[in-house]
Amino acid sequence: MMNHIDAINVFLSRLESNFCVTLPDARTIVEAFHREMSAGLAGKESSLQMIPSFVGRPCGAEKGRYLALDLGGTNIRVLAVELDGNRNAAIRAVSRFVIEQDKMCATGEELFDYIADCIHLFFKEHGVDVQRTFHLSFTFSFPVAQSSLTSGRLIAWTKKFTACNVEGQDVVALLTAALARRRMEFIRVAALANDTVGTLVAGSYFDPSCDMGVILGTGTNACYPERSDRILKCPEPGAPSEMIINMEWGGFSQLKTNIYDRLLDEASPNPGRQRLEKMVSGMYLGELARLIIVDMMTKGLLFCGVSPDVFSGQYLLHTEQLSGAAAGFDFFADFGLTDVSETDSRTIREISRIISARSARIAAAAIAAVVTWMDAKVERFHTIAIDGALFEKYPGYPDCMIEILHDLLGEGARRIRLAPVRDGSGIGSAIIGAVALHNHLERDVNN
Ligand code: GLC
């Protein structure tokens, strides 16, 4: 008869193999990424949308003061950013607002009115004089089919957003209408960008070797500069030589899933979609852990004598708590659990490690895929600008990424630098605004 500790160890080692991304698995991910990237760029059926952003990398000489609005996964930020024209950017003013769940699920009009109110509050808080026109860059962290630098339709909500009457609509038009309802016509939207694009643009403004932007936060996604002649679905005569492509890699679907992935997906607001995101990003890792914990409790392997109902609420366990457990913090009190045994604590730490290791290995394999797409033998130096709490705060996460990059790319991995870029999406958005205005002025002069 197996004793209690043995039964726990057997469960955990099965869990580890169900969540494991072996080196051959990682190689399969790289190959599948290349196939899907190629199909997405050609406008064929693909789980990678490969969306043209209508902007390239900055030259570093962009200058001036710009306003940026950053609508991310959990908050809205309004920022005034100053660019010195010499690869330096500083945030001169910033206001941050939490987006409550009821706003994410409201009507589109209510959501955009709230965004306009946040901008209004920013002006009030920082005593900004509203006598002149302001050019605003809008970072909208969702899949948008852009038709120009200042227009694009939301393809589908991701993360926790479900606000109605927004999918299929031009989000710049929705924001402009909300600004008009709030009598703020003095604000003009100068550019629309995804947060990954903002991150890459900020990263390459500071460092010209930067050629990829990655978000590892509430959601996950990446972008890179693509040669215009390879963007087959969008042939633009006379287009600049490169354009940044928002991959929407959270949608990548060719991954091995396990029972917990399937349970999470089926109960999610978007079943069958965002498969990579559901295995990698901060919005979902806590939920995966919760499903495992409930399973272990039901089998009598964890918190003996406590009802699994303690963990019955969907998304009740947050990734920050899981990451806290990995860092040795007591996360049990949050759930009313006292007198937790050492074995229970160790089990939770193991679950945390297993889930985050898979996330980091998939993210790194995806980075390896993009780098080798741009530079097959990794002969050049690549800086990857990364924003998001998973990368920054989850214990051991970057090391886990670096390890698999070495296994996949050998010596080439030494030429890849994973660089955290704080506030990248906001600062990058301001730089995109500067590029947009410059292009606009140039057009006016030439016409
Ligand atoms: C989701 C969005 C994507 C965004 C990412 C990170 O995957 O669809 O557009 O870049 O989250 O915020």
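These numbers were taken from a predicted model, which means no experiment stands behind them. Atoms considered below: every heavy atom in the structure, side chains included; atoms not considered: hydrogens, waters and symmetry mates.
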With heavy-atom distances below 4.5 Å as the criterion, would you say the side chains of [X] and [Y] are in contact?
{"X": "Ile362", "Y": "Val280", "value": "yes"}
{"X": "Ser359", "Y": "Tyr397", "value": "yes"}
{"X": "Lys103", "Y": "Glu110", "value": "no"}
{"X": "Leu200", "Y": "Cys210", "value": "yes"}
{"X": "Val81", "Y": "Arg65", "value": "no"}
{"X": "Arg57", "Y": "Pro208", "value": "no"}

Thinking salt bridges, do [X] and [Y] make one under a 4.0 Å N-O criterion?
{"X": "Asp207", "Y": "Arg417", "answer": "yes"}
{"X": "Asp84", "Y": "Lys63", "answer": "no"}
{"X": "Asp117", "Y": "Arg182", "answer": "yes"}
{"X": "Lys159", "Y": "Glu277", "answer": "no"}
{"X": "Glu16", "Y": "Arg353", "answer": "yes"}
{"X": "Asp25", "Y": "Lys256", "answer": "yes"}

Gap separating the CZ atom of Phe112 from the CG atom of Leu71, nearest 0.5 angstrom: 7.0 Å

CD (Glu185) with more than 12 external heavy atoms under 6.0 Å: yes

Within 6.0 Å of CZ in Phe381, more than 12 heavy atoms from elsewhere: yes

Candidate list Glu226, Glu242, Met50, test side chain to side chain contact (heavy atoms under 4.5 Å, CB included), partner Ile231, passing option: Glu226

Asp211 side-chain N/O to His382 backbone N/O, donor-acceptor pair under 3.5 Å: no

Between Lys278 and Asn270, a side-chain donor and acceptor under 3.5 Å: yes

Distance flag, aromatic centroids of Phe122 and Phe97, threshold under 6.0 Å: no

Geometric class of the Phe335/Phe311 ring pair [parallel <30°, tilted 30-60°, perpendicular >60°]: tilted

Phe123 and Phe134 aromatic ring geometry - parallel, tilted or perpendicular at 30°/60° bounds: perpendicular

